[in-house]
Amino acid sequence: MKINKYLMLGGAALALGFTSCVNDLDLEPINPTEIFADPSNPEWLQNAFAQCYATMAFSSNSGAGDSNISTPDAGMSAYNRIIFSFQEYASDEAFWIWEDNGYRELVTNTFSAGNKQVEVCYSRLYQHVAVCNQFLSDIDGEDNDAANQMRTEVRALRAMTYYWLCDLWGNVSFGVDAPDGTALPQIPRAELYSWLVGELEDIVDNGVWATPTPYGRVGKDGAEALLARVYLNAEVYTNGAVSAWSKCVTRCNNVINRHKGGGFKGSGLAENYLYLFCRNNSEYMPGGGNTAENEILWGLAFDSFKGQSYGGATFLLNGALSEGMYGTTEPWSCIGAREDLSRRFEAYPNDVRWSLWIRDGRTIENGGFLDFSIAGYQPIKWTGLTKTTGGQFSPDVISTAFANCDFAFIRLADLYLMRAECYLHGAGDRAEAVEGLSLIRERAGLPAWGGSDLTADNLLDERSRELYFEMTRRSDLIRFGKYVGPTQALWSWKGNSATGTNISDRYKLLPIPTNIISAQTELKQNTGY
């Protein structure tokens with residue numbers, strides 16, 4: 001049951017006016033006739049708070065076909081969808097077959113500062129920073145349980161967005177208390193990493209959290225999981241100056257230990273992998289009801305009727321299908337699996353994690369663009385199927401244009417994988433690392449690992465099989481030295497070659513968009529663009 005799903009989102013269409021923290025993002029106020037702040041008014045407070053969440057789920061407050069940032073396609077501007085573009089299309093996992101709006105340049109790792117996807121992603125993330133900053137400014141001085149809980153959560157939401165800016169761009173404009181319209185100063189990536197660590201440590205250790213976490217909102221587990229992920233990438237974000245593997249292990253163990261006791265073999269993981277991505281997956285969310293299996297530590301709530309978005313799981317299901325199946329009425333024929341991802345599963349034909357894929361009549365190779373029939377297997381992970389019992393789905397399929405399932409930002413499985421990676425860098429316990437990986441594999445129907453199986457290459461492959469399309473892959477490849485540089489891996493269409501070719505080191509970071517550089521000439525472009 002969708003428990004109070006749109007307590008937040010019902011308020012999203014109500015009053016909260018804002019303008020951009022970056023002058024040239026061409027943002028439209030949510031409601032230009034009602035720009036006011038009254039934190040003493042509970043209705044205003046709830047609506048303003050709701051907007052901080054809604055901006056991460058929806059492209060606008062006017063419906064899925066509209067966007068409150070300047071974009072040629074409203075749907076592509078949704079928060080998780082535009083991040084997916086860089087984490088997945090620009091990696092060895094997802095293949096977008098069309099050439100519209102700069103997608104081909106992402107798929108082939110040939111994008112420039114003028115790429116439309118680069119511009120829209122940058123704009124969407126800074127819009128969210130602006131919304132969060134405005135809310136925190138408006139409630140400054142309010143000291144009551146409701147305001148303090150909201151303040152903690154919005155700081156976590158803002159940290160998530162700055163995490164993506166750090167991961168994708170590195171050296172970015174930064175500010176947490178600048179008035180609207182102020183051009184924010186650019187800071188080095190290592191400084192942003194340091195702020196993220198300090199901010200998230202304070203939020204996790206000293207924040208005022210609602211207990212239990214209300215459904216659809218972020219709680220302590222989600223914020224601590226994000227902190228672990230920031231620590232995991234410390235060497236990348238600081239150019240090798242800081243290693244934080246031991247700190248990452250500590251944070252992973254904190255979250256894992258709070259979840260142990262229920263779920264798959266007492267691990268806290270959901271008993272059934274496919275249930276995490278189905279129509280009624282809300283029970284696995286924070287506050288979702290199934291406390292023994294709340295594997296989704298941080299997620300976005302969606303609804304096929306009341307909370308429609310062309311982001312979320314909608315584009316992942318619709319895009320992967322060429323005809324109406326799995327609970328959708330709107331197949332798009334857009335997304336294929338890269339051959340390299342398919343080959344990772346090929347050696348494990350009984351792995352449940354790809355058991356819904358459509359392979360018959362499809363080519364495993366990504367034969368070319370503009371023809372879905374030769375674009376690779378159809379990778380079905382999110383569905384509109386309704387779980388029943390015993391790992392089964394109901395034969396009564398509810399088909400809708402928009403997906404009903406919630407979208408996970410971070411799952412508990414990733415904490416187990418992160419902990420194992422830390423062991424490879426001398427932190428943590430080997431037995432715990434192997435045990436966690438074995439739990440993930442056994443849930444998927446694969447043999448457990450022994451200690452000799454825990455190698456960097458095996459772990460990177462297992463991360464892909466478990467987390468594919470969950471917006472980690474580009475970051476993983478960079479961290480493992482497989483994205484650019486002398487040890488980079490090749491995959492289909494990398495560097496615009498059908499079989500793959502090496503790409504420049506510049507692609508470790510995205511370029512600051514051309515229109516931003518033109519408007520803020522004091523900003524320094526990332527190297528190589």
Side-chain angles (χ1 to χ4, degrees), residues 1-12 42 45-58 79-80 145-160 200 203-204 207-228 254-264 267-272 275-307 309 312-313 382 386-387 403-415 470:
M1 181 174 69
K2 300 292 183 184
I3 304 170
N4 206 14
K5 184 163 218 175
Y6 289 95
L7 171 65
M8 298 171 295
L9 304 183
L45 187 65
Q46 185 64 56
N47 291 335
F49 176 60
Q51 191 62 52
C52 298
Y53 277 94
T55 308
M56 298 181 86
F58 305 106
Y79 188 101
N80 79 299
D145 287 345
N148 289 334
Q149 288 175 8
M150 291 179 182
R151 183 181 292 110
T152 296
E153 291 178 40
V154 172
R155 287 174 65 194
L157 299 179
R158 182 180 62 185
M160 169 68 87
L200 286 166
I203 291 168
V204 171
V208 180
W209 297 101
T211 306
T213 304
Y215 172 75
R217 285 161 55 179
V218 62
K220 182 175 180 177
D221 285 341
E224 191 156 19
L226 177 59
L227 176 57
N254 288 348
V255 179
I256 289 170
N257 290 336
R258 288 198 292 267
H259 283 257
K260 277 188 172 180
F264 183 74
S267 65
L269 298 171
E271 289 280 358
N272 188 289
Y275 283 179
L276 291 164
F277 310 98
C278 71
R279 179 179 180 83
N280 51 338
N281 69 340
S282 57
E283 70 176 70
Y284 302 108
M285 289 271 282
N290 185 353
T291 56
E293 301 180 60
N294 280 157
E295 182 175 338
I296 299 175
L297 304 175
W298 189 331
L300 296 177
F302 291 96
D303 183 272
S304 55
F305 299 104
K306 297 180 181 178
S309 172
W382 286 265
T386 302
K387 77 178 190 67
N404 197 73
C405 52
D406 298 338
F407 180 85
F409 272 138
I410 309 178
R411 291 191 289 115
L412 185 63
D414 194 9
L415 277 291
E470 294 184 52

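The first residue in the sequence is number 1, and the count goes up from there.
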Any chance you could measure Lys220, atom NZ, to Ile203, atom CD1, to the nearest 0.5 Å?
12.5 Å
Using side-chain contact (heavy atoms from CB on, under 4.5 Å), reason through Thr152 and Trp209 one step at a time and then give a plain yes or no.
CA-CA 7 Å; Thr152 296; Trp209 297 101; 3.6 Å; yes
Measure the shortest side-chain to side-chain distance between Asp406 and Leu300 over non-hydrogen atoms and say whether it is less than 4.5 angstrom.
no
I need the Leu415 CG to His259 NE2 distance, nearest 0.5 Å.
8.0 Å
Would you confirm whether Asp221, through its side chain, and Val255, through its main-chain N or O, come within 3.5 Å as a donor-acceptor pair?
no
Tell me, do Tyr284 and Arg411 make a side-chain contact under 4.5 Å, heavy atoms counted?
no
Take Leu412 and Ile256, measure what side-chain contact (heavy atoms from CB on, under 4.5 Å) needs, and give me the verdict at the end.
CA-CA 7 Å; Leu412 185 63; Ile256 289 170; 4.1 Å; yes
For side-chain contact (heavy atoms from CB on, under 4.5 Å), just list the numbers for Asn272 and Lys387, CA-CA rounded to whole Å, side-chain angles, deciding distance to a tenth of an Å, and then say yes or no.
CA-CA 10 Å; Asn272 188 289; Lys387 77 178 190 67; over 6 Å; no
Taking the side chain as C-beta and beyond, is there a heavy-atom pair between Glu470 and Phe277 under 4.5 Å?
yes
Are the side chain of Trp298 and the backbone of Pro286 linked by a donor-acceptor contact shorter than 3.5 Å?
no
Any donor-acceptor pair under 3.5 Å linking the side chain of Asn404 with the backbone of Asp303?
no
For residues Leu157 and Tyr53, determine if any side-chain heavy atom of one lies less than 4.5 Å from a side-chain heavy atom of the other.
yes
Residue pair Tyr275 / Asn290, side-chain donor-acceptor N/O under 3.5 Å
no
Is there a side-chain contact between Ser304 and Arg279 (heavy atoms, below 4.5 Å)?
yes
Nearest heavy-atom contact between Gly287 and Tyr215 is O-CB, 3.6 Å
Is there a side-chain contact between Ile296 and Asn281, using heavy atoms and a 4.5 Å cut-off?
yes
Smallest separation among heavy atoms of Cys405 and Cys278, with atom names
CB-O, 2.7 Å
Under a 4.5 Å cut-off applied to non-hydrogen side-chain atoms, are Val208 and Arg151 in contact?
no
Taking every heavy atom of Ala159 against every heavy atom of Leu200, the minimum-distance pair comes out as CB-CD2, 3.8 Å
Less than 4.5 Å apart, side chain to side chain, heavy atoms only: is that true for Phe409 and Met56?
yes
